[in-house]
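Structure first, commentary second.
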Amino acid sequence: FPGKPLKLSLATEEIATFYAKMLDHEYTTKEIFQNNFFHDWRKEMTSEEQEIIQDLAKCDFSEIHKYFVEKSEARKALPKEEKQKLKEEADKIQEEYGYCLLDGHREKIGNFKTEPPGLFRGRGDHPKMGMLKKRIMPEDVIINCSKDSKIPEPPEGHKWKEVRFDNTVTWLASWTENIQNTLKYIMLNPSSKLKGEKDWQKYEVARRLKDVVHEIRARYRADWKSKEMKNRQRAVALYFIDKLALRAGNEKEEGETADTVGCCSLRVEHIKLHPRLDGQEHVVEFDFLGKDSIRYYNKVSVEKRVFKNLQLFMKNKDPSDDLFDRLTTNFLNKHLQHLMDGLTAKVFRTYNASITLQEQLKALTNPEDNVAGKLLSYNRANRAVAVLCNHQRSVPKTFAKSMEILQAKIDAKKKQVEEAQQELKKAEDELEDTKDAKAEANVEKKKKLLKRLEEQLARLNVQATDKEENKQIALGTSKLNYLDPRISIAWCKKFGVPIEKIYNKTQREKFAWAIAMANEDFEF
DNA sequence: ATTTAGACTTGGAACAATCTTT
DNA sequence: AAAGATTGTTCCAAGTCTAAAT
């Protein structure tokens with residue numbers, strides 16, 4: 001060092017491997033990441049190492065990087081039996097530690113391992129990216145179980161931080177994570193009875209909202225005229241939450257996380273007002289980073305009174321000032337609680353997502369379609385919800401390429417169709433001339449061929465459209481968290497689509513409660 | 001009334017397994 | 001059978017919201 005190998009102490013070496021493994025990742029090119037990493041790394045070095053290693057730029061991690069790349073390739077290249085053996089070992093661990101006994105039932109645990117040490121990867125512009133996430137020791141872990149149960153033994157030579165018997169919470173173990181100083185938990189798998197019941201409850205609350213949402217809308221519209229500024233802001237915010245499915249937007253500690261906002265934390269700089277835009281009146285242009293630093297961009301025509309209120313809220317403010325300066329999520333939720341038992345801001349997202357799915361399925365499903373066609377309609381309905389909730393993903397790495405391949409297939413099919421058309425024409429001309437039975441049979445044959453090819457082409461086109469429309473849209477989150485599964489199950493039953501076509505094994509386990517409950521006339 | 005701690009849901013990316021094509 | 005694409009699973013960060021503390 002520099003330029004020649006340096007033997008590191010064990011701890012220093014381990015941390016170096018964390019960085020080396022990430023060399024291909026964009027993170028390691030970011031200055032904040034590098035600085036945070038280097039700062040934390042040096043803290044763990046011996047004084048000799050600190051003396052030698054003073055500049056990250058002079059460290060060459062490529063040997064370590066290479067080692068891990070080779071190691072992972074070697075693992076991939078392992079013979080079948082070896083892989084099988086590894087899998088069996090993993091299954092054995094899962095079998096031993098992956099389950100717990102709750103109220104006499106064996107239940108699967110969601111995450112039964114503590115998180116391994118590594119470098120913190122925040123999302124978006126996170127001030128803490130690159131910091132060292134420390135190894136969790138038994139002394140950090142709190143165990144929560146029944147008094148009369150077999151209390152898990154800590155590893156040899158160690159003890160737990162605490163063992164408690166709290167049956168008012170659902171977690172089995174917890175520890176404090178050192179980056180944000182927050183708690184992490186070991187909890188049950190979504191397939192468990194406990195989680196399933198909570199999930200059901202969640203949708204039942206959303207269904208109750210359906211009964212009163214008209215009153216609530218009338219109420220917030222009236223409040224747009226309230227004399228109390230606080231209430232006006234609340235009413236406008238609620239309108240956004242309802243109409244645009246925005247998140248509540250809790251306050252965040254500045255400098256601790258990436259700068260993101262939700263409805264109540266919107267700032268003046270996040271919206272632009274256009275009295276007139278593209279032939280529409282009272283247009284609000286939203287542009288902000290939401291959860292996970294996903295951009296929300298939308299131009300919406302709003303009611304005149306909302307527009308006027310926004311102008312008022314923005315008056316004499318700096319771009320970095322809060323749009324709803326008198327409003328907190330707590331104040332909003334207190335109000336909602338008062339309007340309906342159990343109502344909070346996020347219930348609107350659940351309600352609007354589920355009702356949208358139900359309506360879209362009704363509008364898009366054609367009973368005459370085959371299963372593939374119906375599934376396309378289902379995907380489209382699902383997509384409408386994902387768009388509403390702004391569930392975006394980055395374009396898959398292989399997207400352009402696989403699109404090209406599909407396009408090539410389409411072009412080839414088009415050619416075939418054209419050829420078939422010509423063939424048919426020829427056959428028809430021949431029939432014209434000869435008028436014999438053989439020629440007629442030939443015309444029929446060519447017609448059939450053409451029809452089949454055209455159908456294949458149509459299917460490919462649909463597939464391409466579907467793929468293109470789905471390019472930047474993530475369907476998973478809405479499917480798993482926002483759409484009442486009973487709507488989908490009822491739809492499947494009604495139109496003869498097997499449930500496995502829309503829910504895979506894990507999803508069916510998670511939604512077991514709904515599968516047992518919903519018949520074809522379930523209505524959200 | 002406001003802040004903080006705690007508990008739980010929601011979120012996309014990374015990784016792993018499986019299916020399809022060559 | 002290898003490679004490539006697709007689908008399923010795991011990971012863990014980042015939200016929401018309530019209750020307790022101040």
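In what follows, chains are A, B, ... by sequence order, proteins preceding strands, each numbered from 1. Fair warning: this is a prediction, and the values are worked out from it, not measured in the lab.
- A sub-4.0 Å separation between OP1 or OP2 of dG11(B) and a side-chain N or O of Arg247(A) is present.
- No hydrogens or angles were tested; on distance alone, a donor-acceptor pair under 3.5 Å links the side chain of Arg123(A) to the base of dA13(C).
- Note on Thr257(A): nothing from the nucleic acid sits closer than 4.0 angstrom, heavy atoms only.
- One can place CZ of Phe331(A) at 11 Å from P of dT2(B), the figure rounded to the nearest angstrom.
- Nearest-nucleotide assignment on DNA chain B puts the 5′-proximal partner with Asp166(A), out of Asp166(A) and Arg121(A).
- In this structure, Pro116(A) reaches the sugar-phosphate backbone alone: every heavy-atom distance under 4.0 Å involves primed, P, OP1 or OP2 atoms, never a base.
- Heavy-atom contacts from other residues, nucleotides or ligands closer than 6.0 Å to CZ of Arg135(A) number 12 or fewer.
- Distance, Ile186(A) CD1 to dT10(C) P: 14 Å, rounded to whole Å.
- At a threshold of 4.0 Å, the pair Asp287(A)-Arg295(A) counts as salt-bridged, since one of the basic side-chain nitrogens sits closer than that to a carboxylate oxygen.
- Under the 3.5 Å distance criterion, with hydrogens and angles disregarded, a donor-acceptor pair is assigned to the side chains of Asp242(A) and Tyr220(A).
- When heavy atoms are screened at a 4.0 angstrom cut-off, Lys467(A) is found touching the sugar-phosphate backbone but no base atom.
- Inspection of the Gln233(A) and Asn231(A) side chains reveals no N or O donor paired with an N or O acceptor under 3.5 Å.
- At least one side-chain nitrogen or oxygen of Thr477(A) sits closer than 4.0 Å to the OP1 or OP2 atom of dG12(B).
- In this model, no donor atom of one side chain and acceptor atom of the other lie less than 3.5 Å apart for Asn250(A) and Ser265(A).
- Residue His391(A) has no polar side-chain atom (N or O) positioned under 4.0 Å from OP1 or OP2 of dT10(B).
- Nucleic acid contact for Lys505(A): none, since no nucleic acid atom lies under 4.0 Å from a heavy atom of the residue.
- Nucleic acid contact class of Ile294(A) (heavy atoms, under 4.0 Å, all strands): sugar-phosphate only.
- Contact annotation for Lys133(A): backbone-only contact, meaning every heavy-atom pair under 4.0 Å involves sugar-phosphate atoms and none involves a base.
- For Arg121(A) and Tyr27(A), the side-chain atoms include no donor-acceptor pair closer than 3.5 Å.
- In this structure, the CD atom of Gln463(A) is 14 Å from the P atom of dA5(C), given to the nearest Å.
- By the neighbour-count criterion of 12 heavy atoms within 6.0 Å, atom CD of Glu251(A) is sparsely surrounded, having that number or fewer from other residues, nucleotides or ligands.
- An OP1 or OP2 oxygen of dG11(B) is reached within less than 4.0 angstrom by a side-chain nitrogen or oxygen of Tyr482(A).
- With rounding to whole Å, Asn250(A) atom CG is found 13 Å from dT4(B) atom C1'.
- No contact: Ala258(A) has no heavy atom under 4.0 Å from any strand.
- Looking at heavy-atom distances under 4.0 Å, Gly476(A) makes no contact with the nucleic acid at all.
- Look at Lys346(A) and you'll find a side-chain N or O under 4.0 angstrom from OP1 or OP2 of dT10(B).
- Within the 4.0 Å cut-off from OP1 or OP2 of dC8(B), not a single side-chain nitrogen or oxygen of Lys202(A) is found.
- When the side-chain nitrogen and oxygen atoms of Thr170(A) are compared with OP1 and OP2 of dC8(B), one or more of them lie within a distance under 4.0 Å.
- Note on Arg164(A): every side-chain N or O is 4.0 Å or more away from OP1 and OP2 of dG6(B).
- No donor-acceptor pair under 3.5 Å is formed between the side chain of Lys66(A) and the backbone N or O of Phe61(A).
- Atom NZ in Lys479(A) sits roughly 12 Å away from atom P in dT9(C) (whole-Å rounding).
- Considering only side-chain N and O atoms, Thr329(A) lies nowhere under 4.0 angstrom from the phosphate OP1 or OP2 of dT16(C).
- By the 4.5 Å heavy-atom criterion applied to side chains, Leu86(A) and Arg75(A) are counted as neighbours.
- Base contact: Tyr185(A) has a heavy atom under 4.0 Å from a base atom.
- Side-chain polar atoms of Thr17(A) and Tyr67(A) form no donor-acceptor pair below 3.5 angstrom.
- Nearest-nucleotide positions on DNA chain B for Arg349(A) and Ser174(A) put Ser174(A) closer to the 5' end.
- No donor-acceptor contact under 3.5 angstrom links the side chains of Thr328(A) and Asn330(A), judged on distance only.
- Using a 4.0 Å heavy-atom criterion, one finds that Asn111(A) contacts no nucleic acid atom at all.
- Closest to the Lys401(A) side chain, of the nucleotides dA5(C), dT9(B), dG11(B), is dA5(C).
- Atom CG in Asn181(A) sits roughly 15 Å away from atom P in dA14(C) (whole-Å rounding).
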When you compare the protein's N or O atoms with those of nucleotides 16-22 of chain B, which come within less than 3.5 Å of each other, and at what distance?
none

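- Nucleic acid contact for Gly122(A): sugar-phosphate only, since backbone atoms but no base atoms lie under 4.0 Å from a heavy atom of the residue.
- The side chain of Ala248(A) approaches dT16(C) more closely than any other nucleotide in the set dC8(B), dT16(C), dA5(C).
- Spacing between atom NZ of Lys83(A) and atom C1' of dC15(B) amounts to 14 Å, rounded to whole angstrom units.
- Dashed line: the shortest gap from a side-chain N or O of Gln180(A) to OP1 or OP2 of dA14(C) is under 4.0 Å.
- Where Glu177(A) and Glu500(A) each meet DNA chain C at their nearest nucleotide, the meeting point lying more 5' is that of Glu500(A).
- The phosphate of dA14(C) (OP1 or OP2) has no side-chain N or O of Thr260(A) nearer than 4.0 angstrom.
- Projected onto DNA chain C by closest heavy-atom contact, Leu119(A) and Glu251(A) fall at different nucleotides, the more 5' of which corresponds to Leu119(A).
- Residue Thr398(A) has its side chain nearest to dA5(C) when only dG8(C), dA5(C), dC8(B) are considered.
- Closest to the side chain of His126(A), out of dT6(C), dG8(C), dA14(C), is dA14(C).
- One finds no side-chain N or O of Asn481(A) lying less than 4.0 angstrom from the OP1 or OP2 phosphate oxygen of dT9(B).
- One interatomic measurement links the two molecules: CG of Leu266(A) to P of dG15(C), which rounds to 13 Å at whole-angstrom precision.
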